[in-house]
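Worksheet: the structure to be examined is printed underneath.
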Amino acid sequence: MALSTHVPDLAALELLLGVAQESSLNSVARAVGVSQQAVSARIRAMEAQTGVTLVHRSPRGSRLTAEGVVIAEWAARLLGVAAEMDAGIAALRADRRDRLAEQLLPGWLSSFRAAQRPGSTAPEILLTAINTTTVIAHVTEGTADIGFTEGPQRPAGLHGRVVGHDTLAVVVTPGHPWAHRRRPVGAAELAATPLVSREVGSGTLDTLTAALAAVLGPGAPQVVPALALPTTAAVRATALAGTAPAVISELAVKDDLATGRLVPVRTPELDLRRTLHVIWDGASTPPSGVARDLIAHITRRDQPWRTRRPASGPEPATPAVLRSAS
């Protein structure tokens, strides 16, 4: 559906809201860094575009007309949605730019490389980010040396070692009804709510399903998700856009929770803790070479992340497989 030419652009609507808040064109001009004449001209252009008188000007200042108040209320809602979209786009841009950094265990690899002896050739490692089910398949089939998984699955026939712990959180935007309610969200209500989460086969979804089953019983119905997404960054972006409550690693939204962009939802009935494993096939000891050296480096007690985050473990590690390049 195409909008008519009478709808102002977002920048113009922001100026109108500024007038509503400041009752002074001069104050609005100072806030946006332009002249008062420029603001006045933009308001007049908006009035011509809409065909409605928006601002009443007088020696005592400027105030919105009755029609201007109505349009300003609509503008506030529209700009709120635009701000959510802006945050979501920024997160998606960061996902595209930093996907390797988020999903391919950056802290472990960077510290591993830094620990190599001076003058030695840095090991070449190939990593692929996929969900837990696919990681297990790659390691079982021998197409990956080792894999990193999360969640309750314990792959039969493979060896593994715990490398950290993580906790999932249910988060919403500040405007969501759950952000302001005093009573927690129970397991039954959460199971009946369409959520934003990772896709089938992911450790995130498996952990949530197991937590709900522990309270509601095995096979308890769970509503179809609002969105099932392939990356943690995509879940975060969708959560910031306010699409629906999201289930995501607490560490992945740490900054969003600190700044109030997202609000944690209390779910005391559910145990959303999960364990991060490194897995491999064959002998009880990890494969020799780079894979074994990396595992030893990660599990060493003096790792910086162990002292910084004793309760949470390392940065969130999306399931991945590692292949040593020949």
Side-chain angles (χ1 to χ4, degrees), residues 1-96 170-183 185 193-194 196 226-227 234 236-246 253 255-265:
M1 171 182 169
L3 295 175
S4 76
T5 58
H6 299 296
V7 179
D9 60 35
L10 296 180
L13 293 175
E14 285 183 315
L15 285 182
L16 184 65
L17 285 182
V19 175
Q21 295 163 0
E22 302 290 342
S23 298
S24 166
L25 298 184
N26 192 40
S27 297
V28 175
R30 286 198 303 270
V32 299
V34 300
S35 67
Q36 179 179 339
Q37 292 78 10
V39 172
S40 183
R42 191 66 182 272
I43 295 294
R44 286 196 298 271
M46 195 174 1
E47 290 176 327
Q49 181 181 9
T50 60
V52 175
T53 301
L54 302 172
V55 177
H56 175 73
R57 301 164 180 83
S58 73
R60 294 188 301 274
S62 301
R63 58 179 177 81
L64 298 186
T65 64
E67 293 85 353
V69 169
V70 172
I71 292 179
E73 290 176 351
W74 292 336
R77 295 204 300 269
L78 179 60
L79 289 168
V81 173
E84 291 179 354
M85 181 178 180
D86 188 29
I89 290 172
L92 289 174
R93 285 166 60 89
D95 176 32
R96 183 178 179 183
V170 180
V171 298
V172 295
T173 52
H176 192 279
W178 285 0
H180 308 289
R181 61 187 270 178
R182 295 184 178 181
R183 59 186 176 86
V185 173
T193 301
V196 176
L227 279 175
R236 174 178 173 266
T238 308
L240 288 168
T243 302
V253 291
D255 292 341
D256 301 309
L257 295 175
T259 59
R261 290 189 295 263
L262 292 173
V263 178
V265 176

Between V170 and V185, does the side-chain contact (heavy atoms from CB on, under 4.5 Å) criterion hold? Intermediate values first, please.
CA-CA 10 Å; V170 180; V185 173; over 6 Å; no

Kindly determine whether V19 and L25 satisfy side-chain contact (heavy atoms from CB on, under 4.5 Å), including the steps that lead there.
CA-CA 6 Å; V19 175; L25 298 184; 3.7 Å; yes

Using residues 28-39 as the side-chain source, report each donor-acceptor pair under 3.5 Å to any protein atom, sequence neighbours left out, with the distance given to one decimal.
unit_1: R30; atom_1: NH2; unit_2: S27; atom_2: OG; d: 3.4
unit_1: S35; atom_1: OG; unit_2: A38; atom_2: N; d: 3.1

Among L257, V263, V265, whose side-chain contact (heavy atoms from CB on, under 4.5 Å) with V171 holds?
L257

Please report the interatomic distance CG(L64) to CD(E73), rounded to the nearest 0.5 Å.
10.0 Å

Do you know which two heavy atoms are closest between A226 and A244, and how far apart they sit?
CB-CB, 3.9 Å

Note: P245 and T193 closest approach over all heavy atoms is CG-CG2, 4.3 Å

Which heavy atom of M46 sits nearest to which heavy atom of L54, and what is that distance?
CG-CD1, 3.8 Å

Heavy-atom closest pair (A246 atom, A239 atom, distance to 0.1 Å) is CB-CB, 3.6 Å

V55 versus E47: any side-chain heavy-atom pair under 4.5 Å?
yes

Please name the pair of heavy atoms, one in P8 and one in Q49, separated by the smallest distance, quoted to 0.1 Å.
CA-OE1, 3.6 Å

Rounded to the nearest 0.5 Å, how far does CG of L15 lie from OG of S40?
11.0 Å

Salt-bridged, R236 to D255, with N to O below 4.0 Å?
no

To the nearest 0.5 Å, how far apart are CG in L13 and CZ in R77?
12.5 Å

By ring-ring contact (aromatic ring centres under 6.0 Å, His included) - contacts of H176 (at least two apart):
W178

Taking only residues two or more places apart in sequence, or in another chain, which ones meet R182 in a side-chain contact (heavy atoms from CB on, under 4.5 Å)?
none

Taking every heavy atom of A76 against every heavy atom of L17, the minimum-distance pair comes out as CA-CD1, 3.9 Å

Are any of the side-chain heavy atoms of R57 and I43 separated by less than 4.5 Å?
yes

Do L262 and V172 come close enough that some side-chain heavy atom pair is under 4.5 Å?
no

